[in-house]
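See below for the structure under consideration.
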Amino acid sequence: MVEEKAEDMRIWAGFFPGTSFADGKCYLAPGFGNSCVFETEEGLVVFDFPLRQLAKRTFNSVRSFTDKPIKYVIYSHGHFDHAFGYGPFLEEIKEKEWEMPEVIAHENCIRRFEKYKTLDKYHNWLNKMQFASIRGRGQGSVISPHEILQPSIILKGNDSYYSFELGKTEFEIYHDMGETDDSLWLWVPEKKTLCAGDLVMAGFPNVGNPYKVQRYPNDLALAMEKMVEKEAELLVPGHGRLIEGKEKVNEALSIRAEAMHFVHDEVVKRLNEGKWFEQIYHEMMEIFPKKLKNSKILIEIYGCYRFAVHAAYRLYHGWYNSGNPTDLFPSKSGDIAKEFLKINTKESYLEHGKTLYDAGKKQLALHILDVIINGREDENDITLFEALNLKHKILKEKQKEETSFIASNIINNNALQIKERIKELKNT
Ligand SMILES: [Zn+2]
């Protein structure tokens, strides 16, 4: 299971060879996210410039396929792993004195770039946590959001559409929301090829990232249904391998639509029943249909069902989650824990935490251990030391069981912080 998880993530992150497809004039070049190149008599159309740190690799891969100049670039959306890896291509354009290509994006992508500039330090901080395990391997250095290849053709509004012809090939671009609000996808009828960006990525759709802004499960379902109508034979996902064959493409799109409709509609139904988030979330865990849960297509490599429930809820609800006014203006968690420690000793909390852990109730054990960790008066305390050790052990176990890359990194990041604290305590 651990090896399987690592291999799924490697493929998701583009560690597989570039590949030509269709009539041999199309090429998928992975670089964390995927880049897709269409070669025509008049030059190239490139769908996405993936991660800047891997841009040289993507460039070399593309240039092993074709030496023609780029005429059009399409940003599937403005994330770092789809619109920032243009450096070596731009150098080549300058060196060979080629004309600059047209760069196509949705207007929300321009807003995204502005947001990245405003929140550059915050995004660097949260991306370090989201991609912690990659950073550990030295590939996660900070990307400057101030260096951007700005779009020249901008699609505006919902349901926007743009098409152009290059070298007698027709390219159709559609806007839909899903993982983000600035998504564009491409349909090339002659090649029967769809490029979906992150509207389709290997595994469960990435809606409901714990750190990031609202995502759109219902819109993602509608995008899948629009793509199904094209009856494509090839589907280039934002991450992962090329999907080949009419049936497989149809299945890949349909099951994602089904999953997103399910999450959205079941959450909405429960909101209408007057339920609060906690109840909705736990009910949703119980009713996750086996067909979706066991689907190989929807394995939780990066995004996951649990996050998608949050995304559906947040579409229609604010931050007041429990319906209990105690939680409306809560006290500090440290102060609450201190009061609990007045009722019972920290040793008894530790004992109870261990009992829960031994009974396999890891999540409950974490809540109990947090009473000691949050409520401690003294850093130099054997009970605190033991509580931290057990919490670290539980988090590492949870991380190993966790398939979602994002969830796994969040858990592991905190485990690493606890390990540091344990080391400091040992030294005092
Ligand atoms: Zn991506």
Side-chain angles (χ1 to χ4, degrees), residues 8-16 18 28-36 46-55 57-58 73-86 105-106 108-109 112-113 115-116 123-124 126-135 139-140 143 145 148-149 175-186 194-217 219-220 223-224 227 235-243 252 256 260 298-304 307-308 311 404-409:
D8 285 342
M9 188 55 210
R10 277 179 63 76
I11 299 298
W12 186 97
F15 287 92
F16 58 91
L28 191 166
F32 197 74
N34 288 331
S35 179
C36 188
V46 175
F47 188 84
D48 276 353
F49 282 136
L51 201 65
R52 183 169 291 170
Q53 289 93 331
L54 299 176
R57 200 183 83 178
T58 313
V73 177
I74 302 155
Y75 291 159
S76 69
H77 60 302
H79 276 165
F80 287 112
D81 52 337
H82 296 268
F84 283 72
Y86 56 83
H106 189 265
N108 291 343
C109 182
R112 171 184 303 285
F113 290 153
K115 179 179 77 176
Y116 286 168
H123 277 110
N124 280 330
L126 73 85
N127 281 327
K128 273 181 199 166
M129 289 193 281
Q130 185 171 327
F131 300 105
S133 58
I134 291 183
R135 184 172 53 112
Q139 292 173 358
I143 294 173
I148 289 162
L149 179 60
H175 164 63
D176 272 294
M177 303 206 296
E179 190 209 39
T180 61
D181 63 1
D182 59 344
S183 311
L184 296 182
W185 54 275
L186 171 69
L194 280 168
C195 292
D198 280 354
L199 289 166
V200 177
M201 59 168 68
F204 200 89
N206 181 26
V207 291
N209 182 316
Y211 287 116
K212 301 202 169 162
V213 291
Q214 183 64 55
R215 269 97 197 260
Y216 308 92
D219 291 280
L220 197 137
M224 298 297 97
M227 289 186 202
L235 170 59
V236 181
H239 297 263
R241 290 188 200 275
L242 178 72
I243 300 166
R256 285 180 173 86
M260 291 295 98
L298 296 177
I299 48 173
E300 297 182 323
I301 303 173
Y302 191 74
C304 66
F307 293 168
S404 158
F405 178 76
I406 300 175
S408 167
N409 270 338

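For the numbers below, each heavy atom of this structure counts, side chains included, while hydrogens, waters and symmetry mates do not. We count ligands from 1, going down the list as the structure has it; atoms in each ligand are counted the same way.
Not a single donor-acceptor pair under 3.5 Å links the side chain of Ser404 to the backbone N or O of Ile301. At least one donor-acceptor pair under 3.5 Å links the side chain of Arg52 to the backbone N or O of Phe84. Without hydrogens or angle criteria, His106 side chain to Asn108 main chain gives a donor-acceptor distance under 3.5 Å.
Judged purely by distance below 3.5 Å, without hydrogens or angles, the side chains of Asn34 and His239 never pair a donor atom with an acceptor atom. At a cut-off of 3.5 Å, with distance as the only test, no side-chain donor of Ser183 or Asp176 sits close to an acceptor on the other residue.
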Please table the atom pairs, donor to acceptor, closer than 3.5 Å between any side-chain atom in residues 200-211 and protein atoms at least two apart or in another chain.
| unit_1 | atom_1 | unit_2 | atom_2 | d |
| --- | --- | --- | --- | --- |
| Asn206 | ND2 | Glu179 | OE2 | 2.7 |
| Asn209 | OD1 | Tyr211 | N | 2.8 |
| Asn209 | ND2 | Gln130 | OE1 | 3.0 |

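Protein N/O/S atoms closer than 2.8 Å to the Zn ion (ligand 1): Asp81 OD2, His82 NE2, Asp198 OD2, His239 NE2.
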